[in-house]
Novice: 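Please find one structure pasted underneath; my questions will follow.
If you're wondering where the values come from, they're calculated on a predicted model, not measured in any experiment. Position 1 is the first residue of the sequence; numbering continues from there.
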Amino acid sequence: KKVLWLGDSVAEVESHPLRAAMEANGVTFESAASDGGGNIVEGDINSPDRLVKGVSTIAKETWKTLPAKIDSFHPNVIAYKIATYDWGTSEQQRSSYQKLVNTAKQAGAELVIVPADPFKIDDFYKPGEAGIRSAPKVAKEVADSNKETVHFFDSEALWGTDWSASKALRSKDGIHTCQQGAAAYAKWFTERLGEQYGFTPVDASKWATGSWTSDKVFAKNDCK
C-alpha cells in the first residue's frame, strides 16, 4: 500500500511515528499534514468572525494543493485525520467530506477517515465548538454511505473522550501529543490498517524507539 496522510498540526505530530511504523511494515507513507493548515471543511468564508473566516480560507488552500500531492505520490489509500478546525455547519461538513470521497475515487484510492483526538476547547477553538462536535458524526455518516471505498476508524477506544484524562495522553497544551501518545496512535492506526487490508503489523518494538522520537516537533510541544 501507499498511504497519503492528511490533517492539521495534530496529524503532523503523529505522522513521525506513523512513518516509522508504516515503513517497518513495508507500507510506503507520505505525509501532507500541515502545521497551521490541513483542514478541508469549506465553511463560511463570509463569516464576520475572523477565526471562522480564517479557517475556511485555509481549507480552500488545502483543496488547491491536494491534487498535486495526489498526482505526484499516486496513493492507493488516502487517510484523513479530521482537523481540529473543520468548522462549519453539518451541511458544509458533509459536502466537504463527500468531496474528499470523490477526490479519492478519482485517484483510484480508498479513503480512511479518523476523528480528531480529544482536545482542549480553548479560546481559539470556542467559536468552532459546534462544528468540532458534529464533524466526526457527519464524517462517519459519509463513510457509511460509501462503504465500498471509504472506512471510518474510530479512535475513541484508544483515547477516550476526555482530553484531560490520562488515557488521552495529551501534551501540556491539551491539544497535541508527546512521543508516548504519538507512538500509541501509530500502533493503533497500523493495527487498524492491517485489519482492513490483510496484514499483520510487526511488533512496535521494531519502530517505536527510533530517531523520530527526537524530532523538534515534540520539543515545540514541551515534550522531553
Side-chain angles (χ1 to χ4, degrees), residues 1-35 37-41 59 61-83 86 96-117 136 139-140 142-155 158 177 182-213 215 217:
K1 293 296 180 183
K2 296 181 71 176
V3 176
L4 179 63
W5 177 249
L6 308 176
D8 62 9
S9 62
V10 180
E12 197 279 327
V13 169
E14 292 166 349
S15 72
H16 297 279
L18 268 174
R19 181 184 301 280
M22 293 292 109
E23 291 178 352
N25 283 281
V27 177
T28 306
F29 179 84
E30 183 68 32
S31 175
S34 174
D35 185 358
N39 58 316
I40 66 167
V41 172
E61 184 62 27
T62 300
W63 285 112
K64 285 181 182 178
T65 59
L66 182 57
K69 292 171 182 174
I70 292 174
D71 288 345
S72 63
F73 184 58
H74 303 293
N76 47 31
V77 176
I78 296 174
Y80 176 61
K81 186 181 181 74
I82 295 175
D86 261 357
S96 298
Y97 295 144
Q98 186 61 52
K99 182 177 179 179
L100 186 59
V101 171
N102 297 341
T103 299
K105 285 181 179 179
Q106 290 169 4
E110 294 193 9
L111 176 65
V112 171
I113 303 177
V114 289
D117 306 342
K140 187 176 188 306
V142 171
D144 287 345
S145 63
N146 294 272
K147 285 185 175 180
E148 290 186 2
T149 59
V150 185
H151 316 288
F152 186 86
F153 291 178
D154 191 348
S155 57
L158 172 66
T177 60
Y185 187 80
K187 180 177 183 292
W188 169 83
F189 184 82
T190 305
E191 288 171 348
R192 289 302 313 273
L193 204 68
E195 291 170 5
Q196 184 63 49
Y197 294 110
F199 68 89
T200 301
V202 300
D203 191 271
S205 63
K206 301 291 185 182
W207 55 263
T209 57
S211 60
W212 68 267
T213 59
D215 192 276
V217 70

Novice: Rounded to the nearest 0.5 Å, how far does OG1 of Thr28 lie from NE2 of His74?
Specialist: 12.5 Å
Novice: Determine, step by step, whether Asp8 and Asn39 satisfy the side-chain contact (heavy atoms from CB on, under 4.5 Å) criterion, reporting the C-alpha distance in whole Å, the side-chain angles of both residues, the deciding distance to 0.1 Å, and the verdict.
Specialist: CA-CA 6 Å; Asp8 62 9; Asn39 58 316; 5.8 Å; no
Novice: Quick check: closest heavy atoms across Trp188 and Leu158, and the distance to 0.1 Å?
Specialist: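 The pair with the smallest heavy-atom distance is CB-CD2, 3.8 Å.
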Novice: Got a second to check how far Leu4's CG is from Ser31's OG, nearest 0.5 Å?
Specialist: 8.0 Å
Novice: Distance-only criterion, 3.5 Å: show the donor-acceptor pairs between side-chain atoms of residues 199-211 and protein atoms not counting sequence neighbours.
Specialist:
residue : atom : partner : partner atom : Å
Asp203  : OD1  : Ser205  : N            : 2.9
Asp203  : OD1  : Ser205  : OG           : 2.7

Novice: What heavy-atom pair brings Ala139 and Ile113 nearest, and what distance separates the two atoms?
Specialist: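 Answer, listing the atom of Ala139 first, then Ile113: CB-CG2, 4.0 Å.
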Novice: Show your reasoning for whether side-chain contact (heavy atoms from CB on, under 4.5 Å) applies to Lys105 and Leu111.
Specialist: CA-CA 8 Å; Lys105 285 181 179 179; Leu111 176 65; over 6 Å; no
Novice: Any chance you could lay out the side-chain contact (heavy atoms from CB on, under 4.5 Å) test for Ile70 and Thr103, step after step, and finish with the verdict?
Specialist: CA-CA 9 Å; Ile70 292 174; Thr103 299; 3.6 Å; yes
Novice: Is the shortest side-chain heavy-atom distance between Val3 and Glu30 below 4.5 Å?
Specialist: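 Heavy-atom side-chain distance check fails, nothing below 4.5 Å.
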Novice: Where the side chain of Arg19 meets the backbone of Phe29, is there a donor-acceptor pair that is under 3.5 Å apart?
Specialist: yes
Novice: Might you confirm whether atom NZ of Lys1 has over 12 heavy atoms from other residues, nucleotides or ligands at distances under 6.0 Å?
Specialist: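 Above 12, so yes.
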Novice: Does the pair Leu100 and Trp63 meet the rule for a side-chain contact (heavy atoms from CB on, under 4.5 Å), with working shown?
Specialist: CA-CA 9 Å; Leu100 186 59; Trp63 285 112; 3.9 Å; yes
Novice: Hey, does the side chain of Asn25 reach the backbone of Val27 with a donor-acceptor pair shorter than 3.5 angstrom?
Specialist: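 Here the side-chain-to-backbone pair does not exist.
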Novice: Give a yes-or-no answer on whether the side chains of Asn102 and Gln98 include a donor-acceptor pair shorter than 3.5 Å.
Specialist: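 There is such a pair (donor and acceptor under 3.5 Å, judged by atom type) between the side chains of Asn102 and Gln98.
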Novice: Looking at every heavy atom in both Tyr80 and Gly38, which two are closest together, and how far apart are they?
Specialist: CE1-O, 3.6 Å
Novice: Are Val77 and Tyr197 side-chain neighbours, meaning at least one heavy-atom pair lies under 4.5 Å?
Specialist: yes
Novice: Are any non-hydrogen side-chain atoms of Asp86 and Ile40 less than 4.5 angstrom apart?
Specialist: yes
Novice: Between Met22 and Trp5, is there a side-chain heavy-atom distance shorter than 4.5 Å?
Specialist: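 When only atoms from C-beta onward are counted, Met22 and Trp5 do not touch, as no gap falls below 4.5 Å.
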Novice: I'd like to check Asp215 versus Thr213 (side-chain heavy atoms, cut-off strictly below 4.5 Å). Are they in contact?
Specialist: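 Result no, sub-4.5 Å side-chain heavy-atom pair not found.
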Novice: Of the non-hydrogen atoms in Glu148 and Glu110, which two are nearest, and what is the gap between them?
Specialist: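 In this case the closest contact between Glu148 and Glu110 is O-OE2, 4.3 Å.
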Novice: Going by side-chain contact (heavy atoms from CB on, under 4.5 Å), name the residues that satisfy it together with Glu195, two or more places apart in sequence or in a different chain.
Specialist: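 Expected list: Arg192.
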Novice: Quick one: do Asp117 and Lys81 make a salt bridge, cutoff under 4.0 Å?
Specialist: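 Counted as a salt bridge, because a side-chain N and a carboxylate O are separated by less than 4.0 Å.
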Novice: Any side-chain heavy atom of Ile78 within less than 4.5 Å of one from Leu6?
Specialist: yes
Novice: According to the interplanar angle, ranging from 0 to 90°, do the rings of Phe189 and Tyr185 count as parallel (below 30°), tilted (30 to 60°) or perpendicular (above 60°)?
Specialist: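 If you compare the ring of Phe189 with that of Tyr185, the planes turn out parallel.
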Novice: What pair of heavy atoms forms the shortest contact from Ile82 to Pro136, and how long is it?
Specialist: CD1-CA, 3.8 Å
Novice: Does the side chain of Ser155 reach to within under 4.5 Å of the side chain of Pro115, using non-hydrogen atoms?
Specialist: yes
Novice: Indicate yes or no: at least one non-hydrogen side-chain atom of Glu14 is less than 4.5 angstrom from one of Thr177.
Specialist: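 Result yes, sub-4.5 Å side-chain heavy-atom pair found.
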Novice: Write down the atom of Val41, the atom of Ser96, and the distance for their closest heavy-atom approach.
Specialist: CA-OG, 3.4 Å
